[in-house]
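Report on the following structure.
To find a chain, count down the sequence lines: A is the first, B the second, and so on, and within it residues start at 1. As the structure is a prediction and not an experimental result, all values here were calculated from the model.
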Protein chains: 2
Amino acid sequence: MDQSHANSTVNFCQSCAIRNRAICADLDEQEIGVLNKLGRRRRIQAGEQLLWEGDEALLVANVIEGVLKLSTQTSDGREQILGLAYPSDFLGRPFGETAPYGVEALTDAYVCVFERRDFDRFTREHPRLEHKLLERTLAELDKTRRWMLLLGRLNAEQKLATFLLEIADRLSEKTCAAIHLGPSEHITLPLSRQQIADVLGLTIETVSRQLTKLKNDSLIDLPARREVVILDAAGLSHRAN
Amino acid sequence: MDQSHANSTVNFCQSCAIRNRAICADLDEQEIGVLNKLGRRRRIQAGEQLLWEGDEALLVANVIEGVLKLSTQTSDGREQILGLAYPSDFLGRPFGETAPYGVEALTDAYVCVFERRDFDRFTREHPRLEHKLLERTLAELDKTRRWMLLLGRLNAEQKLATFLLEIADRLSEKTCAAIHLGPSEHITLPLSRQQIADVLGLTIETVSRQLTKLKNDSLIDLPARREVVILDAAGLSHRAN
DNA sequence: CGTGCATTTGAGTGGGTTCAATAAATGTGG
DNA sequence: CCACATTTATTGAACCCACTCAAATGCACG
């Protein structure tokens with residue numbers, strides 16, 4: 001379970017599931033060796049919090065396994081989920097004083113964590129890593145901006161359709177080595193209805209109603225609470241607009 | 001007016017209004033000299049487009065003067081403004097194939113543009129610049145994510161109040177060398193009602209109604225179409241929640 | 001099998017949109 | 001410089017989508 005005691009002797013990176021997809025991908029053997037000593041692996045249970053919004057930004061991390069949410073809260077206590085983090089995604093705020101959002105595991109997860117100060121220093125000394133991090137951040141910014149269109153301009157049906165297609169796509173690529181068969185048609189949601197609502201800027205009731213509507217229209221099936229089968233991806237895509 | 005003919009002989013950067021605030025701030029004299037040769041200054045009229053969404057990403061730029069909007073469109077033609085760019089802000093998508101959003105000048109503007117390929121190469125060769133760009137991008141991502149909370153969870157009044165406070169703050173720091181007297185109370189909007197609506201994910205009518213409401217409540221005054229006077233910043237802040 | 005929580009479903013309300021008309025500001029040409 | 005056209009903003013009325021509140025159902029746990 002907890003393998004952190006072996007940090008200094010074993011190089012976990014070499015057998016890491018996301019070795020070729022995370023920001024460490026471009027590093028050479030020697031660099032990976034140094035980075036491996038800085039980081040430690042940590043298991044997080046579903047529901048457990050990794051970072052707290054507003055807290056001092058002490059950690060950064062790579063997601064190895066599982067799904068986590070980034071979120072912030074309104075002054076009246078409602079939540080807005082800012083994004084989901086899947087395997088190979090980077091978490092945390094390098095070169096920052098405070099964590100701009102909270103991070104909580106939605107499923108049991110496995111992450112590779114670094115003290116932010118160690119990571120910052122290593123990054124500044126290794127331009128290849130810094131470049132990779134920059135490319136990631138730029139891509140993340142693009143994705144976040146596209147999501148603004150969803151929040152600002154789409155109606156509930158469009159939001160749900162977009163969400164289902166997106167998560168089906170992301171979940172299908174989660175198994176790293178496995179063959180990629182396109183977006184999976186059968187997905188196990190890592191989120192509750194409330195959390196879906198918090199992603200899309202809706203209420204739990206609206207999410208529920210829209211899902212049953214999509215089901216009645218035979219675009220999806222809902223065999224269980226957390227299960228969704230996409231029956232008609234083209235139709236969904238059309239509803240997403 | 002057009003000074004680009006003098007590019008190779010004169011170093012504009014040395015007298016640049018945003019020299020100490022833009023990403024070039026950390027470069028030394030020699031580096032600035034090289035960068036100066038790569039870039040050219042360009043005047044843009046209000047309403048003129050600098051980048052088109054989906055086009056090949058050929059340019060990046062620094063804003064020297066004026067305000068520009070970044071925007072994207074829904075399939076049915078409505079617009080969502082993704083952000084505003086003020087002096088010293090960076091524009092464009094380095095290391096990317098296509099422009100993820102359109103850029104249009106809201107006021108007459110003055111920008112320092114680079115061919116993206118030149119800029120990419122220079123950046124990779126100068127880690128200090130790359131680091132500055134990374135910090136910018138991280139900060140921009142934080143800001144964009146905070147804006148998601150506004151789009152997803154705030155009502156029309158809260159959106160307007162937040163918007164007014166934010167723009168008052170940004171516009172007050174636009175004059176670089178001048179003394180900073182806190183957020184200005186009198187602002188000249190660089191946006192039309194329609195554009196404000198596109199920023200906040202509302203309609204033009206709702207924007208108009210909320211503004212008159214804030215005026216009737218003596219939180220602001222509207223001496224002219226494009227003029228706003230903030231009478232009670234604390235009250236506004238309270239409405240922003 | 002019963003308790004507790006998540007989800008669904010129903011009914012009613014309301015905030016923001018839509019459509020329509022008016023008013024104010026801006027531009028244009030004589 | 002003014003009359004007229006055009007654009008932009010405001011205001012009004014009706015509607016509708018998503019929210020709120022409430023109840024019922026379903027599922028997971030002991």
*Expressed in angstrom and rounded to an integer, what is the separation of B:Leu222 atom CG from D:dT8 atom P?*
18 Å
*Do any side-chain nitrogens or oxygens of B:Ser208 fall under 4.0 Å of OP1 or OP2 in D:dA9?*
no
*Once you round it to whole Å, what is the distance between C1' of C:dG16 and NZ of B:Lys159?*
10 Å
_I need the CD-C1' distance between A:Glu227 and C:dA6, as an integer number of Å._
15 Å
*For B:Gln80 and B:Val199, indicate whether the former's side chain and the latter's backbone hold a donor-acceptor pair under 3.5 Å.*
yes
*From the options C:dT18, D:dT11, D:dA9, select the nucleotide whose nearest atom is closest to the side chain of B:Thr212.*
D:dT11
_Main-chain N/O of A:Leu219 paired with A:Arg239 side-chain donor or acceptor, under 3.5 Å_ = no
*Which one, D:dA18, D:dT20, D:dA9, comes nearest to the side chain of A:Glu205?*
D:dT20
*Which whole-number value in Å describes the distance from B:Lys213 NZ to D:dT10 P?*
15 Å
_B:Arg225 side-chain proximity, nearest of C:dA20, C:dT7, D:dA9_ = D:dA9
*Return the nearest nucleotide to the side chain of B:Arg209; candidates are D:dA9, D:dT20, D:dT11.*
D:dT11
*What's the verdict on side-chain contact (heavy atoms from CB on, under 4.5 Å) for B:Val60 and B:Leu91, showing C-alpha distance, side-chain angles and the deciding distance?*
CA-CA 6 Å; B:Val60 299; B:Leu91 282 174; over 6 Å; no
*Report the distance from atom CG of A:Asp55 to atom OG1 of A:Thr98, rounding to the nearest 0.5 Å.*
9.0 Å
*asked:* Looking only at the side chain of B:Ile204 (C-beta and beyond, no hydrogens), which of the listed nucleotides C:dT7, D:dA9, C:dG16 gets closest?
replied: D:dA9
*Starting at atom NZ of B:Lys215, determine the distance to atom C1' of D:dA9, rounded to an integer number of angstrom.*
12 Å
*Given atom CZ of B:Arg226 and atom P of C:dT26, what is their separation to the nearest angstrom?*
10 Å
*asked:* I want to verify a distance call: between D:dC21, D:dA9, D:dC19, whose nearest atom is closest to the A:Thr206 side chain?
replied: D:dC19
_Using a 3.5 Å distance criterion without hydrogens, assess whether the side chain of A:Asn155 forms a donor-acceptor pair with backbone atoms of A:Glu157._
yes
*So what does B:Leu202 touch, heavy atoms closer than 4.0 Å: a base, only the sugar-phosphate, or nothing?*
sugar-phosphate
*Please give, in whole Å, the distance from D:dT10 C1' to B:Gln194 CD?*
14 Å
*For the side chain of A:Arg193, counting heavy atoms from C-beta on, which of C:dT7, C:dA20, D:dC19 is nearest?*
C:dT7
*Using atom CD of B:Glu157 as one end and atom C1' of C:dG14 as the other, report the distance to the nearest whole Å.*
15 Å
